[in-house]
2 protein chains.
Amino acid sequence: MALDNPTTQAAVTTADKVFEQMLHAIVEGTIKAGSKISEPELAKNYQISRSTLREALNRLEKCHLIERKANVGSRVVECSIAGLLEIYVVREALEGMACRQAAMNMTEDEIIEMQAMLKQHASAKALRDGVSYYQEEGDLDFHYKVILGSHNKQLINILCGQLYHLVRMYRCQFGMNSPRATKAFDEHSRIIEAIADRDGELAEMLMRRHIAASRKNIENKIAQQQ
Amino acid sequence: MALDNPTTQAAVTTADKVFEQMLHAIVEGTIKAGSKISEPELAKNYQISRSTLREALNRLEKCHLIERKANVGSRVVECSIAGLLEIYVVREALEGMACRQAAMNMTEDEIIEMQAMLKQHASAKALRDGVSYYQEEGDLDFHYKVILGSHNKQLINILCGQLYHLVRMYRCQFGMNSPRATKAFDEHSRIIEAIADRDGELAEMLMRRHIAASRKNIENKIAQQQ
DNA sequence: CTTGTTATTATTGTCGACAATACTTGGTTT
DNA sequence: AAACCAAGTATTGTCGACAATAATAACAAG
């Protein structure tokens with residue numbers, strides 16, 4: 001599926017496969033947020049040994065999707081508003097920097113590819129009901145490309161390897177299909193321009209505003225609901 | 001020991017203890033960077049089962065200190081100049097943001113405590129040979145306090161929980177006792193001022209410059225050596 | 001002599017059982 | 001009746017052995 005993470009490599013071992021299944025289950029809420037994880041029960045469900053289940057749990061912990069306490073057990077992380085805002089703060093910092101680095105380090109080919117992707121999104125947006133499509137896959141695709149374009153292993157690992165699973169979880173569980181789609185598209189467009197101009201400073205600033213705008217959009221929504 | 005990480009909680013299980021031992025061994029180079037890890041051999045060394053060794057290895061992987069490939073094994077990460085610079089880039093982004101958040105979220109008590117710490121560092125610096133002391137423990141203490149002051153769980157986890165082990169590893173292996181000690185002290189002083197003034201924007205900028213200066217210092221050193 | 005193939009060895013992944021710790025239930029005491 | 005203590009139950013941590021995969025060595029063919 002197109003949504004899949006660029007850092008995930010082919011699942012070869014059975015622990016890998018169980019990890020992926022549980023990843024989807026947690027992201028989509030099949031395994032409820034905040035629920036306790038029973039090792040014997042899950043091991044029976046997936047028809048595997050507890051050892052290999054624990055291996056899978058370790059990977060989930062690496063993504064900050066579950067939390068373990070010694071001699072007590074694992075819990076799926078809770079989805080709180082505060083937690084969501086914390087993630088946005090981290091994203092603003094990291095993706096902003098990733099964008100600056102992308103402006104410095106992206107190859108010409110990568111830039112061309114990204115521009116092509118944007119054009120494709122534009123037509124998709126015009127043709128279809130579009131909004132929801134762009135919001136979901138298109139937005140993630142764009143952010144992934146920028147992050148990978150930074151050519152910074154640490155940045156890529158933190159953002160794509162761990163943080164973005166949490167982002168997807170929040171999007172699923174809070175049912176976010178915000179009306180920012182068209183606005184977000186214009187912002188993406190300007191960011192790519194800055195990268196193509198090799199203007200790292202501007203690229204960082206635009207990306208930070210782009211993410212901060214999303215955060216404020218959430219904050220407003222929350223404020224309205226109350 | 002004072003250097004220890006604020007996020008590390010008491011090691012209760014044996015896997016925890018082995019993890020800590022290996023952590024120190026890798027950071028200090030007793031277990032060489034880039035070397036392959038033999039599970040049977042290490043299990044015998046620490047006199048534990050392979051299962052609990054693998055548990056420890058999983059935690060090391062979480063800190064990005066080792067890398068695993070399916071059906072092949074684990075290797076200690078390599079310490080390259082490029083890798084070091086990548087870490088500085090991430091720190092500039094994350095600690096800059098942490099500093100901004102600290103200016104917004106730190107309690108008055110925390111600020112007072114941090115000011116006291118700085119004063120203590122100042123006297124220690126004046127009295128002793130100082131330079132090396134301040135460089136090592138004092139610098140880390142300061143950065144830890146700012147990060148914790150952000151009150152952002154994600155930031156704290158990423159920085160204190162994973163990245164700083166790598167930072168310490170690089171400091172050990174590359175033998176860094178740079179002559180920036182006095183300059184760094186002044187920079188710390190100004191950063192605390194900005195936080196006390198609740199000026200998040202300035203605090204972030206100063207922290208970013210502080211870290212960028214360290215990075216450029218390294219870059220210059222490298223350039224000289226060649 | 002080099003290259004490709006096969007057999008052997010060693011390492012990693014997985015399993016089920018046991019030990020240690022935490023939770024629960026029932027009883028006792030104030 | 002409420003709070004504390006104790007025994008029993010369930011869950012997690014640890015262990016040693018087996019199965020599957022990868023690295024190595026020996027051998028054969030070109």
Interatomic distance where CZ belongs to A/F19 and P belongs to C/dT14 [whole Å]: 14 Å
Would you call A/R75-A/E67 a salt bridge at under 4.0 Å N-O? no
Rounded to the nearest Å, what distance is computed from the NZ atom of residue B/K69 to the C1' atom of nucleotide D/dT21? 15 Å
Sorted by position of nearest nucleotide on DNA chain C, 5' first, the leading residue of B/K36 and A/N71 is B/K36
Side-chain contact check for B/R50: nearest option of D/dG16, D/dA22, C/dT12 is C/dT12
The side chain of A/V72 lies closest to which of these nucleotides: C/dA22, D/dC15, D/dG13? C/dA22
Measure from CD on B/E39 to P on C/dT12 and round the result to the nearest Å. 4 Å
Quick one: label B/L57 by what it contacts on the DNA or RNA (base, sugar-phosphate, nothing), any heavy atom closer than 4.0 Å. nothing
With respect to the phosphate group of D/dT14, does any side-chain polar atom (N or O) of B/T14 fall under 4.0 Å of OP1 or OP2? yes
Rounding to an integer number of Å, can you tell me how far B/L53 CG sits from D/dG16 P? 13 Å
Nearest-angstrom distance from the residue atom CZ of B/R54 to P of C/dT14: 8 Å
Between B/K44 (NZ) and C/dA10 (P), how many Å, whole number? 12 Å
Ranking A/A70 and A/V12 by the position along DNA chain D of their nearest nucleotide, the one closer to 5' is A/A70
Answer yes or no: is there an ion pair linking A/E61 with B/K62, defined by an N-O contact shorter than 4.0 Å? yes
Below 3.5 Å, does any donor atom in the side chain of B/S51 face an acceptor in the base of D/dG16, or the other way round? yes
Centres of the A/H210 and A/H188 rings: under 6.0 Å? yes
Between C/dT12 (C1') and B/L42 (CG): distance, integer Å: 14 Å
Do B/E95 and B/H143 have side-chain atoms, one donor and one acceptor, less than 3.5 Å apart? yes
Could you say whether B/T52 or A/S38 is positioned toward the 5' end of DNA chain D, judged by the nucleotide with the nearest heavy atom to each? A/S38
Donor-acceptor contact present, side-chain B/S80 to main-chain B/G83, <3.5 Å: yes
Determine: side-chain N/O of B/T13 to OP1/OP2 of D/dT14, distance under 4.0 Å, yes or no. yes
Rounded off to whole Å, could you give me the CD-to-P distance for the A/Q47 and C/dC15 pair? 11 Å
